[in-house]
There are 2 protein chains.
Amino acid sequence: MYMPSKEYRQRVIEELVEREFISTQAEIAEHLSRRGINVTQATISRDVNELRLVRLPAGNGQHRYRSTPLAAQEDVVGELAQRFKLFVRDLDRGENLLVVTTDEGHAAGIAYVVDKLDRDEIVGTLAGQNTILVVCRGAQQAEALLDEFESLLE
Amino acid sequence: MYMPSKEYRQRVIEELVEREFISTQAEIAEHLSRRGINVTQATISRDVNELRLVRLPAGNGQHRYRSTPLAAQEDVVGELAQRFKLFVRDLDRGENLLVVTTDEGHAAGIAYVVDKLDRDEIVGTLAGQNTILVVCRGAQQAEALLDEFESLLE
DNA sequence: CTTTACTCGGCATATACATGCATTATGACC
DNA sequence: GGTCATAATGCATGTATATGCCGAGTAAAG
């Protein structure tokens, strides 16, 4: 069965949201199907995530999907995820401290990108050879951050 | 019962989403409640809409609420809504044409903001004294636009 | 002090989006 | 071709967001 590539579909979606006023993923599916691309809302949800489209409220209860220039600014996160997967061996927490264990010699590199996140809940980082100490404002913030970091490793 | 003003709450929310990594409205509610502001998710949904915050996908299944600089760009919509409410008397459609009836003398003003929308599905506008003809690419687009405009009048 | 009009917010629910799991397609290698 | 590993997708459902309706609060008008 013929199936246009995912890449092509995503390009069409990007174009669509800029050309038309689209407010739900179901609508996107509808437009696509008019163009002969038949996928379900589930797939579009995944596309929207990958394309990092946002659903911008108009302030009056209406919404419009838009591509976002914010994406660039956020790429620190992508970078972090990449390096985490490559070099991070372990994560732990004690109170308001996160302990990140990395491959030998990589602590400084990872700490660098963590710093770049510029998160307000992070007070600072301290890197040795293969260990980073991430100091958070509080235990609560540390726990949230731990969750977040863990999800990067999956 | 003491209840911090809506305005104050919304300022706190804006600050919150920039300081912390927040991915659901429930989380916002939680943070607020720690600060003594107790409201339900429903209220936050309304706030998010009014503040025009977006839920930006990180590309890996995570989301973060952000305030958006897109808002400024989009303010044309707000302007349009305002003028529509004040000056538009009637909306109609024939095929690919939208007919907007305004208060006497206001057609040009309204047409101006419609033009500024810079929508691809609008070919152009033609304004008389109290009537604007909005020429759309097709009947389908015209219908969608009619719906959209109608919702501005509510 | 009423009445009226309006704003705000909760509750319940509708709508919309995300996702675990199973299935099928794709491609690399033998 | 057959086998394996990986990626893509649908289905069903879980989670998250939006909203209709109603009641409470407030202010202006009478």
Side-chain angles (χ1 to χ4, degrees), chain A residues 1-13 16-17 21-33 35-68 85 144 147-148 150-152 154, chain B residues 1-13 16-17 20-33 35-68 85 147-148 150-152 154:
Chain A
M1 175 201 180
Y2 173 62
M3 168 78 74
S5 78
K6 172 177 166 182
E7 198 190 343
Y8 173 68
R9 182 186 64 236
Q10 294 193 345
R11 280 214 310 283
V12 173
I13 292 176
L16 267 177
V17 296
F21 188 98
I22 294 189
S23 44
T24 70
Q25 297 181 358
E27 276 182 66
I28 296 180
E30 217 174 292
H31 280 271
L32 288 180
S33 114
R35 298 213 195 183
I37 307 178
N38 288 83
V39 289
T40 61
Q41 170 266 324
T43 295
I44 290 168
S45 168
R46 291 168 182 130
D47 287 340
V48 163
N49 195 304
E50 287 171 21
L51 295 170
R52 314 186 64 185
L53 304 181
V54 295
R55 195 166 179 242
L56 180 67
N60 55 10
Q62 285 198 299
H63 303 272
R64 177 177 179 176
Y65 272 100
R66 302 298 309 257
S67 60
T68 168
K85 269 180 222 163
D147 284 351
E148 198 187 329
E150 272 172 347
S151 82
L152 294 179
E154 277 160 18
Chain B
M1 174 198 176
Y2 171 63
M3 168 78 75
S5 78
K6 170 179 169 182
E7 197 191 342
Y8 173 68
R9 183 186 62 237
Q10 294 193 344
R11 278 212 312 282
V12 173
I13 292 177
L16 224 43
V17 297
E20 314 256 0
F21 188 97
I22 294 188
S23 46
T24 71
Q25 296 181 359
E27 276 182 65
I28 296 180
E30 216 175 292
H31 280 270
L32 288 179
S33 114
R35 299 212 193 184
I37 306 176
N38 287 84
V39 289
T40 61
Q41 170 269 324
T43 297
I44 291 168
S45 169
R46 291 170 181 128
D47 287 339
V48 163
N49 194 304
E50 286 171 24
L51 294 170
R52 314 186 65 185
L53 303 182
V54 295
R55 196 167 180 243
L56 178 67
N60 56 9
Q62 287 198 296
H63 303 271
R64 177 176 180 177
Y65 271 101
R66 304 296 311 254
S67 61
T68 170
K85 268 180 218 162
D147 284 350
E148 198 187 329
E150 272 172 346
S151 82
L152 294 179
E154 277 159 18

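Quick note on labels: first sequence line is chain A, next is B, and so on, each numbered from 1.
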Angle separating the five-pair end axes of the helix from C:dC1-D:dG30 to C:dC30-D:dG1, nearest 10°, is 30°
Rounded to the nearest angstrom, tell me the gap between atom CD1 in B:I37 and atom P in C:dG9.
-> 11 Å
Distance col, row B:L16:CG vs B:R35:CZ, nearest 0.5 angstrom, shows 5.5 Å
Can you tell me the distance, in whole Å, between the CD1 atom of B:I44 and the P atom of D:dT15?
-> 19 Å
Round to a whole Å and report the spacing from CD of B:Q62 to C1' of C:dA18.
-> 13 Å
Please tabulate the protein-to-nucleotide N/O contacts below 3.5 Å involving nucleotides 20-24 of chain C, giving atom names and distances.
from: C:dG20; atom 1: O6; to: A:R46; atom 2: NH2; distance (Å): 2.7

Rounded distance in Å - CD (B:E27) to C1' (D:dA16) = 12 Å
Residue pair B:D47/B:G61 against DNA chain C: nearer the 5' end by closest nucleotide is B:D47
Is there a side-chain contact between A:L53 and A:I13 (heavy atoms, below 4.5 Å)?
-> yes
Is the shortest side-chain N/O distance from A:T43 to OP1 or OP2 of D:dT9 below 4.0 Å?
-> no
Take the protein atom NZ of B:K6 and the nucleotide atom C1' of C:dG9, then report the distance between them rounded to whole Å.
-> 10 Å
CG of A:N49 versus P of C:dT19: gap in Å, rounded?
-> 7 Å
Hey, what do you get for CG (A:D147) to CD (B:Q62), rounding to the nearest 0.5 Å?
-> 9.5 Å
Separation of atom CZ in A:R52 from atom P in C:dA18, rounded to whole Å | 14 Å
Could you check B:P57 against B:T40 and say which one's nearest nucleotide on DNA chain C is further toward the 5' end?
-> B:T40
Of A:K6, A:R9, A:R11, which meets salt bridge (Lys or Arg N to Asp or Glu O under 4.0 Å) against A:E50?
-> A:K6
Mind checking the CZ-CG spacing from B:R46 to B:L51? Nearest 0.5 Å is all I need.
-> 14.0 Å
Taking side chain as C-beta onward, heavy atoms only, is B:L32 less than 4.5 Å from B:I44?
-> yes
Short heteroatom pairs, N/O only, protein and nucleotides 13-17 of chain C, under 3.5 Å:
from: C:dC17; atom 1: OP1; to: A:R55; atom 2: NE; distance (Å): 3.3
from: C:dC17; atom 1: OP1; to: A:Y65; atom 2: OH; distance (Å): 2.7
from: C:dC17; atom 1: OP2; to: A:Q25; atom 2: N; distance (Å): 2.9

Taking A:R55 as the fixed residue, which of A:R66, A:R64, A:H63 is the one that meets the side-chain contact (heavy atoms from CB on, under 4.5 Å) rule?
-> A:H63
Under 3.5 Å: donor-acceptor pair, side chain of A:E27, backbone of A:S23 = yes
Rounded to the nearest Å, what distance is computed from the CD atom of residue B:E50 to the P atom of nucleotide D:dT19?
-> 12 Å
